[in-house]
Amino acid sequence: MGPRFLRASDRASNTARYPRLQYPEMYLLHAGYRAFYRQFPELCRPRGYTAMLDPRHRRSLRLHRDMH
């Protein structure tokens with residue numbers, strides 16, 4: 001899922017409130033969130049990192065994929 005898809009989804013869900021957006025700012029992280037968290041953990045909330053494919057995320061990942 002890229003930034004254009006996210007922006008288009010945000011626009012579509014806010015057509016009645018144009019030009020307002022739910023997420024007016026988006027950032028792409030070079031090497032992903034894991035690399036950013038390793039370098040700047042003090043900037044991340046909540047504290048702690050769990051990989052996306054970690055078994056603890058299995059249910060939420062499945063729910064997200066089923067929505068799309």
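Quick caveat: nothing in here was measured; it's all calculated off a predicted structure.
- Side chains of L43 and Y37 form no contact here, defined as non-hydrogen atoms less than 4.5 Å apart.
- The two residues L6 and M26 have their closest heavy-atom pair at CB-SD, 3.7 Å.
- With sequence neighbours excluded, no residue satisfies ring-ring contact (aromatic ring centres under 6.0 Å, His included) with Y18.
- Summarising the geometry, atom OG belonging to S60 is positioned 10.0 Å from atom CE belonging to M52; distances are rounded to the nearest 0.5 Å.
- Note that the CG atom of L28 and the OH atom of Y33 stand 15.5 Å from one another [nearest 0.5 Å].
- Residue C44 holds its SG atom at 10.5 Å from CD of Q39, rounded to the nearest 0.5 Å.
- Contact detail for R11 and L21: the closest heavy-atom pair is NH1-CD2, 3.2 Å.
- For residues 44-57, the pairs satisfying side-chain hydrogen bond (donor to acceptor under 3.5 Å, both in side chains) are D54-R56, with sequence neighbours left out.
- Minimum heavy-atom separation, A35 to H30: CB-O, 4.4 Å.
- Residue pairs meeting the salt bridge (charged side-chain N to carboxylate O under 4.0 Å, His left out) criterion with at least one partner in residues 15-34, sequence neighbours excluded, are absent.
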